[in-house]
Engineer: 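Sending over a structure as structure tokens; questions will come in a sec.
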Protein chains: 2
Amino acid sequence: MSRIRHLSGRVFEKLLKESGVDVFNGAQGRILYVLWEHGQLTITEIGRLTSLAKTTLTSMLDRMEAGGLIERIPDKRNRRQVFISVTEKAKGYREKYDLISDKMSEIFYDGFTDDEIIGFENQLRRIIKNLEKEGV
Amino acid sequence: MSRIRHLSGRVFEKLLKESGVDVFNGAQGRILYVLWEHGQLTITEIGRLTSLAKTTLTSMLDRMEAGGLIERIPDKRNRRQVFISVTEKAKGYREKYDLISDKMSEIFYDGFTDDEIIGFENQLRRIIKNLEKEGV
DNA sequence: ATAGTATTGTACTATATAGAACTATACAAT
DNA sequence: ATTGTATAGTTCTATATAGTACAATACTAT
């Protein structure tokens with residue numbers, strides 16, 4: 001499992017490069033993805049949706065902000081929190097990102113029947129539940 | 001898949017801690033595991049078996065050597081390569097590690113039949129092959 | 001109002017990971 | 001023997017990740 005995660009990360013980076021996407025990488029792609037799906041999010045919410053620690057996000061969002069992909073928008077109602085919003089530039093990459101995700105699935109499940117994929121993904125969900133029971 | 005890897009990493013670290021193992025972590029455990037299985041290995045071979053880049057291994061093995069878990073043994077036949085060998089200290093942890101691995105499997109596959117586990121792991125191997133075909 | 005507690009995000013630090021460039025060595029073709 | 005190429009590992013650099021400690025702010029109970 002660990003090897004798969006590892007290898008798939010590297011394959012995904014390669015696909016991004018081949019598609020000429022050099023403004024963000026796999027991890028940043030996942031952050032953009034949840035932002036595309038949900039619109040504005042606070043850093044804590046992004047952490048919950050991506051399973052990344054907030055300390056990881058601070059520096060990651062720094063780099064993404066420097067690259068013009070996201071903006072930090074202070075919340076006037078609650079001055080502790082900051083909304084993260086995607087820029088127009090980042091919006092322009094969404095379609096390309098979806099294509100790469102599809103391509104990734106094709107590579108991953110090459111030779112699998114539809115039923116096998118469904119069964120496999122159900123088993124993944126069962127494993128997630130098993131792990132979550134451990135309360136980590 | 002990414003969430004499972006993330007969660008299982010945390011569960012594994014927790015089990016290590018609960019067992020009082022604080023001299024190595026999950027990633028280092030995987031390296032020790034392939035060394036226990038195969039005996040002496042070169043760095044390139046460890047990289048192949050763990051899917052870690054050799055640049056990653058250089059610094060990881062530095063830390064493990066400093067922690068007295070492994071030794072670097074120059075190959076006299078081929079002076080380019082270096083054998084990595086586990087120390088007696090590391091050997092003492094094998095039994096504990098195996099127990100933790102078993103416990104990990106129990107948590108992971110809770111509710112799975114033996115056939116389901118066999119089928120699932122075959123599918124994992126197929127996915128690894130699919131990803132390796134990409135030559136990353 | 002105030003004191004205590006919870007939350008939100010950041011700074012600092014350590015480790016993990018890998019790409020690019022490099023050195024040293026081995027091998028292969030002539 | 002020489003020259004070119006492949007292999008093994010390290011150094012240097014950049015990014016990714018998270019733990020600890022912290023500051024600022026919000027909330028809650030009195």
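Quick note on labels: first sequence line is chain A, next is B, and so on, each numbered from 1.
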Engineer: I need the CG-P distance between A:L16 and D:dA16, as an integer number of Å.
Structural biologist: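 Going from A:L16 (CG) to D:dA16 (P), I get 12 Å.
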
Engineer: For A:I84 and C:dT10, what is the distance between atoms CD1 and C1' respectively, to the nearest whole Å?
Structural biologist: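 The distance from CD1 of A:I84 to C1' of C:dT10 comes to 12 Å, rounded to the nearest Å.
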
Engineer: Assess the residue pair B:V23 and B:Y93 against the criterion (side-chain contact (heavy atoms from CB on, under 4.5 Å)); give the C-alpha distance rounded to whole Å, side-chain angles, the decisive distance to 0.1 Å, and a yes or no.
Structural biologist: CA-CA 9 Å; B:V23 291; B:Y93 285 101; 3.4 Å; yes

Engineer: In this structure, how many angstroms lie between the C1' atom of C:dG9 and the CG atom of A:L41, rounded?
Structural biologist: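 Roughly 15 Å, once rounded to whole Å.
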
Engineer: Assuming nearest nucleotide by heavy-atom distance, tell me which of A:Q81 and A:D62 is located more 5' along DNA chain C.
Structural biologist: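 The 5'-side residue here is A:Q81.
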
Engineer: In whole angstrom, give the distance that lies between atom CE of A:M60 and atom P of C:dT10.
Structural biologist: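 My rounded result for the distance is 14 Å.
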
Engineer: Is a donor-acceptor contact shorter than 3.5 angstrom present between the side chain of A:T55 and the base of D:dG19?
Structural biologist: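 Answer yes: a donor N or O sits under 3.5 Å from an acceptor.
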
Engineer: Roughly, in whole Å, what's the span from CE in A:M64 to P in D:dT15?
Structural biologist: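 Checked: the CE to P distance equals 14 Å.
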
Engineer: Looking for any heavy atom pair under 4.0 Å, which part of the strands does B:T42 touch: base, sugar-phosphate only, or nothing?
Structural biologist: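 The residue B:T42 makes sugar-phosphate contact but no base contact.
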
Engineer: Considering only heavy atoms from C-beta outward, does the side chain of A:T50 approach that of A:Y33 to under 4.5 Å?
Structural biologist: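 A side-chain contact under 4.5 Å is absent here.
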
Engineer: Side chains of B:R72 and B:D62, heavy atoms from C-beta outward: is any pair under 4.5 Å?
Structural biologist: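 Yes - at least one pair of side-chain heavy atoms lies under 4.5 Å apart.
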
Engineer: Using heavy-atom distances to pick each residue's nearest nucleotide on DNA chain D, tell me which of B:R72 and A:R5 is more 5'.
Structural biologist: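 The residue whose closest nucleotide sits nearer the 5' end is B:R72.
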
Engineer: When the nearest nucleotide of DNA chain D is assigned to B:L57 and to A:A53 on a heavy-atom basis, which residue is associated with the more 5' position?
Structural biologist: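 Result: B:L57.
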
Engineer: Would you say C:dT7 has OP1 or OP2 under 4.0 Å from some side-chain N or O of A:T44?
Structural biologist: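 Result: no.
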
Engineer: Classify the side chain of B:R80 versus the base of D:dT7 as yes if they form a donor-acceptor pair under 3.5 Å and no if they do not.
Structural biologist: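 Yes.
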
Engineer: What is the distance, to the nearest angstrom, from the NZ atom on B:K54 to the C1' atom on C:dT23?
Structural biologist: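 Nearest whole value for this atom pair: 12 Å.
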
Engineer: May I ask you to verify if any side-chain N or O of B:N25 is less than 4.0 angstrom from the OP1 or OP2 atom of C:dA16?
Structural biologist: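 Yes, within the criterion.
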
Engineer: What is the distance, rounded to the nearest whole Å, between atom CD1 of A:I46 and atom P of C:dG9?
Structural biologist: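 Taking atom P of C:dG9 as the reference, CD1 of A:I46 is at 9 Å.
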
Engineer: Closest nucleotide of DNA chain C for A:V82 versus for A:K17: which of these residues is on the 5' side?
Structural biologist: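 Upstream on the strand: A:V82.
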
Engineer: Of the listed nucleotides (D:dG9, C:dT15, C:dA18), which one gets closest to any side-chain atom of B:L52?
Structural biologist: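 Closest of the options to the side chain of B:L52: C:dA18.
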
Engineer: Between B:W36 and B:F24, how do the two ring planes meet: parallel, tilted or perpendicular, split at 30° and 60°?
Structural biologist: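 The arrangement is perpendicular - the two ring planes meet at more than 60°.
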
Engineer: If you look at every strand shown and take non-hydrogen atoms under 4.0 Å, does A:T58 touch a base, only sugar-phosphate, or nothing?
Structural biologist: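 The answer is base, as A:T58 lies within the cut-off (heavy atoms under 4.0 Å) of a base atom.
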
Engineer: What pair of heavy atoms forms the shortest contact from B:H38 to B:L41, and how long is it?
Structural biologist: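 Smallest heavy-atom distance, with atoms named: CB-CD2, 3.7 Å.
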
Engineer: Rounded to whole Å, how long is the line connecting atom CG of B:D22 with atom C1' of D:dG19?
Structural biologist: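 Roughly 16 Å, once rounded to whole Å.
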
Engineer: Picking from C:dA26, D:dT17, C:dT10, which would you name as closest to the side chain of B:R79?
Structural biologist: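 That would be C:dA26.
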
Engineer: Would A:I84 and A:E45 count as a side-chain contact (heavy atoms from CB on, under 4.5 Å) if you check the C-alpha gap in whole Å, the side-chain angles of each, and the deciding distance to 0.1 Å?
Structural biologist: CA-CA 10 Å; A:I84 303 298; A:E45 285 166 339; over 6 Å; no

Engineer: When you check the phosphate oxygens OP1 and OP2 of C:dA16, does a side-chain N or O of B:T56 lie under 4.0 Å from one of them?
Structural biologist: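 For C:dA16, OP1/OP2 do not have a side-chain N/O of B:T56 under 4.0 Å.
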
